[in-house]
Amino acid sequence: MDIDVRKTGSFPKFMWHHRYCILAILLFTTVARCQDVTVAAVITPKHIQINERARLDLTMSGKTLMGHIGLPTFNFLPNFLAIPLSNKTIPKLIDDKVTVEMNWSYELIPQKVGKIELSNVKFSYQNTNFFANPGTIIVGAVDTYRDSSTGGIHKVQAEASNKKPYINEPIEYKFRYLYTTILPTLESPIKTLPAMKDFMVDESVGELISSGKVDGFHYEEYMLRIYPEKEGRIVIPPAELKLPIQGNPKILKTDMIAINVQQFPTIGKPSNFDGTVGDYKITAQIDRSRLEVRDALTMTIKFIGKGNYRTIKPPIISNIDGFRVDPPVSVQIQVEKTPVFTYVIIPLKTGILKIPSISLTSFNTQNKTYQTTSTTPFPITVVPRPSDVINDEESNFNWIWISLLILPIVLVIGYIGIRMYKKYNKIIDNGSGNGPSISPIEKAISRLNSIATTSDETTRVSFGDSITRILHQYLCDLKGDELRQLNDTELEAFCTKLGLSDEIVKELLDILSKCKYHKYAPVSISAEEQNGLLERTENIIKLIEKNQ
């Protein structure tokens, strides 16, 4: 069939219809492709802390092979910062057709706390925009967590009782764990209290002081008693609580606490102030007020009040006339945390002596003043030992009758003493000859051996006098002096000069006291007592010699 073409370059009428059909087919194909595109925006997890991170996953896919895909665009500021993590293309075969799926991942860093509605994410494909919304995310404070499975709220708190203390002033640091429901786990939350670097910490570390329910929350409260050890600003780090949530443990943290430690006032500061802080009363007690010379009494000093007991040092008690004071033999903190110091005090002379008052200066942080508290002085009556010679001033007897009674005994003892002295000197002289000189200890031991081998009754009667004479002779030989009777004061002075210990001096004086007792005793000394005293005398001489 012939076709009549009337215009050059023009289509026949039926050809225009075909062109419209092709255009319609192309438009239909583009719309169909757009309708097959799927986009998604997913954020995980839906509940985070301010110090945690969330993940945003974006996906774009379709049933056709897509091209000209632009990057997704969104802006979550000022609520979140978004940091790209990765993007990837995943080819797929759907209905015997090759398609492409695009994935983009971002890390979201929260900038504030609260329930936040996120804006839409825009995807672009062939100049067509697609939108997906990630939904809502809850950002909790670092000290609070809401459990999605139970809806329970868990949070932690910390506080200090005093943020402007003085050095050594006690502060109560409290940590609380509050919760509305128990976590669905067999494990218990684990608390970690901060390290108190610049504080002295009381022995009761993190003890549970209370628990219960308040304002719809169950709570557990723990307490540390701390004492600042330096001036200036000290920051207490956060306390932590680990919630054992399966697969995603949560760590809650309290706020940091700043402590500003003040200096002690310089106005009115006593020279003897040693840093003791608190409001105290000092008391003292003695176990007896009447005793024999060189016996010991016990004095107990107790501090009652409020403050930092660890800053209280044992009072220094020295230079008390007529007494020897040993350092505290026991320092204890009683159940009520009251410091108690115990001292042993030994009188060195007889008479009416006095233990003076003992003072303590502390800084009272309540009224910001220095205060001094003192004990009451104690009068002490010190009497001689029964074996000591009674002084004239202290005697209540008639010396005339005492002289009449004692004189015959003194004459007999003097006569026996002269005989013993001549006998001992004869033994020493006979042993010496023209040979080398005999040392003081050799001479003393030789005389002791002579006493031990003598068994007559007269020797037993004069036994105490003989031991006394040997000891005095030995000490005089050490000094290079002629034999003479040394009194207790001279003995103590000489022993101190020799550098003898208190134990040796005490033993020496006790032996001499026992000799005096046997010298004036109404009955003679037994053989067993003789041997014991001889052994003690030999030992003390050897100890003195060893000390040389």
Output yes when Glu529 and Lys514 qualify as a salt bridge under the 4.0 Å nitrogen-oxygen rule, no when they do not.
no
Is there a donor-acceptor contact under 3.5 Å from the side chain of Asp465 to the main chain of Ile413?
no
Walk me through whether Phe217 and Tyr179 qualify under ring pair (Phe, Tyr, Trp, His ring centres under 6.0 Å).
CA-CA 5 Å; Phe217 283 89; Tyr179 56 95; 8.6 Å; no
Listing request: all salt bridge (charged side-chain N to carboxylate O under 4.0 Å, His left out) pairs with a residue in residues 260-276, at least two apart in sequence or in separate chains.
none
Distance under 6.0 Å and angle within 45° of ring axis: Lys443 vs Tyr474:
no
Pair Asp321 + Lys349: basic N to acidic O under 4.0 Å:
yes
Verify whether one side chain among His154 and Tyr177 offers a donor that lies under 3.5 Å from an acceptor in the other.
yes
Identify, with sequence neighbours excluded, every residue that meets side-chain contact (heavy atoms from CB on, under 4.5 Å) alongside His472.
Thr468, Leu483, Gln485, Leu486, Leu491, Leu512
Under a 3.5 Å cutoff, is there a donor and acceptor pairing between the side chains of Asp477 and Gln473?
yes
So, Gln285 versus Thr300: side-chain donor-acceptor pair below 3.5 Å or not?
no
Flag the pair Phe303 / Phe341 as yes when their ring centroid distance falls below 6.0 Å, and as no otherwise.
yes
Kindly state each residue pair satisfying ring-ring contact (aromatic ring centres under 6.0 Å, His included) with at least one member in residues 270-292, sequence neighbours excluded.
Phe264-Phe273, Phe273-Tyr370, Tyr280-Tyr309
I'd like to know if the side chain of Asp295 and the backbone of Leu291 have a donor-acceptor N/O pair within less than 3.5 Å.
no
Using atom types as modelled and distance alone, determine if a side-chain donor or acceptor of Asp287 lies under 3.5 Å from a backbone N or O of Thr298.
yes
Give a yes-or-no answer on whether the side chains of Ser359 and Ser374 include a donor-acceptor pair shorter than 3.5 Å.
yes
Asp279-Gln371 side chain donor-acceptor pair, cut-off 3.5 Å:
yes
Okay, side chain of Glu292, backbone of Arg385: is any donor-acceptor separation there less than 3.5 Å?
no
So do Ile153 and Tyr145 actually touch side chain to side chain, heavy atoms under 4.5 Å?
no
